[in-house]
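Below you'll find the structure, written out as structure tokens, and then a few comments.
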Amino acid sequence: MAKKISSLEDLGGFVFSTNKEFELESNEVVETLAPNEQRLEAHLDKKNRGGKIATLIKGFEGNDDDLKTLAKDLKTLCGVGGSAKDGEIIIQGNFRDKIMEYLQKKGYKVKRVGS
């Protein structure tokens, strides 16, 4: 189900034009920070998930391809499903300690958030 748009900000800053000569200039290239420069947070969450626990990794700074690659590595490590979007990785189940250990070995700085 699509999200309801209630304001122009929901369009992500894109403005429609009736000018036939208009061309969208997208020079934004997001570079991924090196693992030792990343400050990640490991959360456990069960809100809006039918009571099931999920491990959230927040704070990733970089492009979507690198985020999805890291998410795939974590899903493979844990043998479960998950997703990656908006700088956040969601892994199904309580694998926070295992994921934190893996990320620290890769050079990421990971902070445990919550109990």
Side-chain angles (χ1 to χ4, degrees):
M1 181 179 212
K3 181 181 173 187
K4 184 177 180 183
I5 297 174
S6 59
S7 68
L8 288 176
E9 285 83 29
D10 293 338
L11 294 174
F14 185 74
V15 179
F16 295 96
S17 174
T18 57
N19 182 358
K20 293 180 182 180
E21 305 293 320
F22 179 78
E23 290 184 25
L24 179 62
E25 294 179 20
S26 179
N27 294 336
E28 294 183 38
V29 176
V30 179
E31 292 192 23
T32 303
L33 294 177
N36 62 349
E37 296 175 1
Q38 298 269 5
R39 305 269 189 270
L40 303 178
E41 296 179 349
H43 298 259
L44 283 182
D45 185 40
K46 61 180 167 180
K47 295 180 183 174
N48 300 324
R49 302 184 198 289
K52 297 183 179 175
I53 294 177
T55 304
L56 276 71
I57 305 300
K58 297 182 179 181
F60 184 85
E61 295 182 32
N63 63 35
D64 287 340
D65 291 337
D66 293 336
L67 176 68
K68 289 179 182 180
T69 302
L70 180 59
K72 183 178 179 186
D73 293 344
L74 294 177
K75 291 188 291 185
T76 303
L77 171 74
C78 299
V80 296
S83 65
K85 61 182 174 184
D86 300 329
E88 185 175 283
I89 300 171
I90 302 169
I91 303 294
Q92 297 171 353
N94 183 357
F95 294 100
R96 181 167 52 177
D97 294 332
K98 188 175 189 178
I99 290 172
M100 285 179 63
E101 184 179 319
Y102 175 80
L103 290 173
Q104 287 169 350
K105 284 182 183 176
K106 290 284 189 178
Y108 291 93
K109 293 177 183 159
V110 186
K111 179 179 175 182
R112 182 185 184 106
V113 178
S115 56

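The first residue in the sequence is number 1, and the count goes up from there.
With Glu61 contributing its side chain and Gln38 its backbone, the two residues share no donor-acceptor pair below 3.5 Å. A donor-acceptor contact shorter than 3.5 Å links the side chain of Lys109 to the backbone of Asn36. Distance alone, capped at 3.5 Å, places no donor-acceptor pair between the Asp86 side chain and the Glu88 backbone.
Side-chain contact between Arg112 and Arg96 is present, with at least one heavy-atom pair separated by less than 4.5 Å. In this structure the side chain of Phe95 reaches within 4.5 angstrom of the side chain of Val80, judged on heavy atoms. Counting heavy atoms from C-beta outward, Thr32 and Asp65 have side chains that stay 4.5 Å or more apart.
Residues Cys78 and Ile99 come closest through the heavy atom pair SG-CG1, 3.8 Å. When every heavy atom of Leu67 is checked against every heavy atom of Gly87, the shortest pair comes out as CD2-N, 3.7 Å.
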Could you go step by step and tell me if Thr55 and Ile90 meet the side chain to side chain contact (heavy atoms under 4.5 Å, CB included) rule? CA-CA 6 Å; Thr55 304; Ile90 302 169; over 6 Å; no

Leu56 vs Val113, side chain to side chain contact (heavy atoms under 4.5 Å, CB included): CA-CA, chis, key distance, verdict: CA-CA 10 Å; Leu56 276 71; Val113 178; over 6 Å; no

Go through Asp73 and Thr69 one step at a time and tell me if the side chain to side chain contact (heavy atoms under 4.5 Å, CB included) criterion holds. CA-CA 6 Å; Asp73 293 344; Thr69 302; 4.3 Å; yes

Dump the intermediate steps for side chain to side chain contact (heavy atoms under 4.5 Å, CB included) on His43 and Lys58, then the final yes or no. CA-CA 8 Å; His43 298 259; Lys58 297 182 179 181; 3.6 Å; yes

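Once rounded to the nearest 0.5 Å, the distance linking CZ of Arg49 with NZ of Lys47 reads 10.5 Å. For the atom pair Ile89 CD1 and Leu70 CG, the distance stands at 4.0 Å (nearest 0.5 Å). Rounding to the nearest 0.5 Å places CG of Asn94 at 11.5 Å from CG of Asp45. To the nearest 0.5 Å, atoms NZ (Lys72) and CG (Leu74) are separated by 12.5 Å.
Cluster annotation: Val110 and Tyr102 are assigned to the same hydrophobic cluster (Ile/Leu/Val/Met/Phe/Trp/Tyr, side-chain heavy-atom contacts under 4.5 Å, transitive). A single hydrophobic cluster is seen to contain both Leu77 and Ile57, as judged by linkage of ILVMFWY side chains at heavy-atom distances under 4.5 Å, directly or through other members.
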